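Below is one structure, written out as structure tokens, with a few remarks after it.
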Amino acid sequence: MKINGTAYRSVWVDPTDESSVCIFDQTKLPFALEILHLKTVDQVAQAIVTMQVRGAPLIGAVAAYGLALALDKDPSDASMEQNASMLANTRPTAINLRWALGRMLAKLREVPEKDRRAEAYAEAGRICDEDVAQNEAIGRHGLELIRDIAKTKKNGESINILTHCNAGWIATVDWGTALAPIYMAHDEGLPVHVWVDETRPRNQGAALTAWELGSHGVQHTVIVDNAGGHLMQHGQVDLVIVGTDRVTAQGDVANKIGTYLKALAAHDNAVPFWVALPSTTIDWRVTDGIREIPIEERSPTEVTLVAGQAADGTIQTVRITPETSNAANPAFDVTPARLVTGLITERGRSDASAEGLRSLFPEHTN
């Protein structure tokens with residue numbers, strides 16, 4: 001994707017310093033576009049924890065480079081295993097993180113220490129390239145859904161799509177998951193319009209999705225998180241597409257907190273609710289998402305404090321709750337498969353069910 005006409009990925013190795021991994025500081029968007037140069041595995045871990053880098057596919061890719069940075073300093077078995085474990089524990093819900101590190105370890109354990117650094121960078125690069133290809137394929141399969149809706153519209157009438165949180169290119173290496181079909185539809189000339197949930201408490205929709213869509217020229221409107229049901233009741237949402245941080249073998253979907261409520265509203269109003277994901281987001285070991293997926297509990301200050309741009313252009317943080325009030329901050333919820341119309345993967349679309357997933361990924365049939 002492009003920013004001001006220049007093509008970027010969301011993570012890349014500095015061409016002038018191969019021991020520096022570059023990312024956009026997502027905590028500064030949309031008010032500033034800053035590039036961070038990560039030079040140590042500890043810096044990578046910190047960037048993941050603080051959500052300077054976020055999005056399930058992207059944190060897996062960045063963590064892979066983090067392990068490569070660790071091996072740049074110490075390629076021993078002990079260093080590799082310890083740093084992989086440390087990175088895996090930075091965020092508990094997104095399965096891509098553990099998948100990417102598991103793949104790196106499986107590859108590197110067979111490589112002599114003297115060759116590990118080079119092979120680690122190469123494998124991390126392959127993970128990134130595969131993510132881009134998967135997301136582009138997701139876009140093509142999801143585009144068919146938007147084309148079908150376009151056929152039911154009067155000439156020039158908007159196709160209204162609602163999305164939650166940010167599942168665009170800034171959350172992956174490129175293209176995005178939920179937003180990939182939207183970008184392709186827009187580029188094809190279809191009149192798409194996106195309802196963007198603000199996505200409290202960190203406002204990834206208002207800050208990141210709106211920034212992405214605006215940069216690409218896609219028509220969009222930011223709405224408060226609780227407006228989606230109202231819009232559906234009045235026929236103003238044709239389709240919901242969201243991303244996900246983990247999908248179970250039975251089709252349950254863990255995504256940003258508030259997704260479950262959107263699914264309930266969509267179900268009640270007969271609005272199709274689709275989830276876009278690469279296969280690396282499927283946790284084949286888990287069947288019951290509500291019981292088995294660990295839900296990250298983040299700092300209460302993300303709820304009690306909010307940051308924004310003041311009239312003078314400075315970024316300020318203000319309190320929005322009484323100082324004596326407690327706050328809870330579960331970062332994700334789980335939407336049961338029964339509420340999901342279907343899954344959009346790089347291999348095609350399927351029902352959100354064990355049978356549907358096995359039809360696309362027969363190699364995972366028990």
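Everything numeric in this text was worked out from a predicted model, so none of it was measured. FYI, side chains are in, hydrogens and waters are out, and symmetry mates aren't considered; it's all heavy atoms of this structure.
Side-chain N/O atoms of Asn166 and Arg54 include a donor and acceptor closer than 3.5 Å. Under 3.5 Å, the side chains of Asp245 and Thr93 contain no donor-acceptor pair of N or O atoms. Using modelled atom types and a 3.5 Å distance limit, the side chains of Asn255 and Thr244 yield no donor-acceptor pair. Looking at Ser279 and Glu346, their side chains do bring a donor and an acceptor atom within 3.5 Å of each other. In summary, the side chains of Gln309 and Thr314 do not present any donor paired with an acceptor at a separation below 3.5 Å, with no hydrogens or angles considered. The closest side-chain donor-acceptor pair between Thr16 and Asp14 falls under 3.5 angstrom. In summary, the side chains of Ser158 and Asn160 do not present any donor paired with an acceptor at a separation below 3.5 Å, with no hydrogens or angles considered. Side-chain atoms of Thr199 and Asp197 include no donor-acceptor pair closer than 3.5 Å. Between the side chains of Arg200 and Asn226, no donor-acceptor pair of N or O atoms lies under 3.5 Å.
Taking 4.5 Å as the limit, every side-chain heavy atom of Arg98 sits out of range of all side-chain heavy atoms of Asp283. The closest side-chain heavy-atom distance from Leu69 to Thr40 is not below 4.5 Å. Ile95 places a side-chain heavy atom less than 4.5 Å from the side chain of Arg285. Looking only at side-chain heavy atoms (C-beta outward), Pro181 and Leu145 stay at 4.5 Å or farther from each other. For the pair Met184 and Glu136, the minimum side-chain heavy-atom distance is below 4.5 Å. Side-chain contact between Pro75 and Met80 is absent, with no heavy atoms from C-beta onward closer than 4.5 Å. At least one side-chain heavy atom of Leu190 sits under 4.5 Å from a side-chain heavy atom of Ile146. For the pair Thr177/Asn135, a side-chain contact is recorded, criterion being any heavy-atom separation below 4.5 Å from C-beta on.
For the pair Cys22 and Ile35, the tightest heavy-atom approach, listed with the atom from each and the gap, is CB-CG2, 4.0 Å. Residues Ala327 and Pro300 approach most closely at O-CB, 3.5 Å, considering heavy atoms. Of all heavy-atom pairs spanning Val275 and Val340, the tightest one is CG2-CG1, 3.9 Å. Across every non-hydrogen atom of Asn96 and Ala56, the tightest pair is CB-O, 3.1 Å. Contact between Gly168 and Leu179 at its shortest, heavy atoms only, is CA-CD1, 3.5 Å. For Ile127 against Ala64, the heavy-atom pair with the smallest separation is CD1-CB, 4.0 Å.
Taking a 6.0 Å sphere around CG of Asp312, one finds it holds more than 12 heavy atoms contributed by other residues, nucleotides or ligands. In the displayed structure, Gln316 atom CD is contacted under 6.0 Å by more than 12 heavy atoms of other residues, nucleotides or ligands. Other residues, nucleotides and ligands contribute more than 12 heavy atoms inside 6.0 Å of the CD atom of Glu188. The local environment of CD in Gln219 is sparse, with at most 12 non-hydrogen atoms from other residues, nucleotides or ligands closer than 6.0 Å.
One finds a salt bridge joining Glu363 and Arg347 here, because a Lys/Arg side-chain nitrogen approaches an Asp/Glu carboxylate oxygen to under 4.0 Å. Under a 4.0 Å N-O distance rule, the pair Arg109/Asp77 does not qualify as a salt bridge. Ion pairing between Glu144 and Arg349 fails under the 4.0 Å rule for side-chain N and carboxylate O.
Under the 3.5 Å distance criterion, the side-chain polar atoms of Trp195 are left unmatched by any main-chain donor or acceptor of Val240. Judged by distance alone, with hydrogens and angles left aside, the side-chain atoms of Thr163 form a donor-acceptor pair with the main-chain N or O of Ile241 at under 3.5 Å. At least one donor-acceptor pair closer than 3.5 Å links the side chain of Ser359 to the backbone N or O of Gly356. Remark: side-chain polar atoms of Asn329 are paired, donor with acceptor, to backbone N or O of Ser299 under 3.5 angstrom.
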Could you please spell out the steps behind the side-chain contact (heavy atoms from CB on, under 4.5 Å) verdict for Leu108 and Glu123?
CA-CA 9 Å; Leu108 297 172; Glu123 187 69 5; 5.6 Å; no
Take Asp17 and Lys39, measure what salt bridge (Lys or Arg N to Asp or Glu O under 4.0 Å) needs, and give me the verdict at the end.
CA-CA 10 Å; Asp17 180 5; Lys39 295 177 177 292; 2.7 Å; yes
Determine whether Asp129 and Arg126 satisfy the following criterion, side-chain contact (heavy atoms from CB on, under 4.5 Å), listing intermediate values before the conclusion.
CA-CA 5 Å; Asp129 290 343; Arg126 286 189 285 268; 5.5 Å; no
Could you give me the CA-CA distance, side-chain angles and deciding distance for Ile23 and Leu38, then say whether side-chain contact (heavy atoms from CB on, under 4.5 Å) is met?
CA-CA 8 Å; Ile23 61 168; Leu38 308 176; 3.8 Å; yes
Give the intermediate values and the outcome of salt bridge (Lys or Arg N to Asp or Glu O under 4.0 Å) for residues Arg117 and Glu119.
CA-CA 6 Å; Arg117 175 191 179 280; Glu119 187 57 39; over 6 Å; no
Determine, step by step, whether Glu292 and Thr248 satisfy the side-chain contact (heavy atoms from CB on, under 4.5 Å) criterion, reporting the C-alpha distance in whole Å, the side-chain angles of both residues, the deciding distance to 0.1 Å, and the verdict.
CA-CA 9 Å; Glu292 297 179 74; Thr248 72; over 6 Å; no
Checking ring pair (Phe, Tyr, Trp, His ring centres under 6.0 Å) for the pair His220/His193: CA distance, chi angles, key distance, verdict?
CA-CA 5 Å; His220 64 280; His193 166 265; 8.0 Å; no
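Considering Ile170, Val44, Leu58 in turn, Leu58 is the only one that fulfils the side-chain contact (heavy atoms from CB on, under 4.5 Å) rule with Val53.
Within the cation-pi definition used here (under 6.0 Å to the ring centroid, within 45° of the axis), Lys262 does not qualify as a partner of Phe273.
Between Trp12 and Tyr8, the ring-plane angle classifies as tilted under the 30° and 60° cut-offs. Using a 30° and 60° split on the angle between ring planes, Tyr183 and His216 fall in the perpendicular class, above 60°. Below 30°, between 30° and 60°, or above 60°: for Trp211 and Trp169 the angle between ring planes is between 30° and 60°, a tilted geometry.
Once rounded to the nearest 0.5 Å, the distance linking CG of Leu101 with OG1 of Thr90 reads 8.0 Å.
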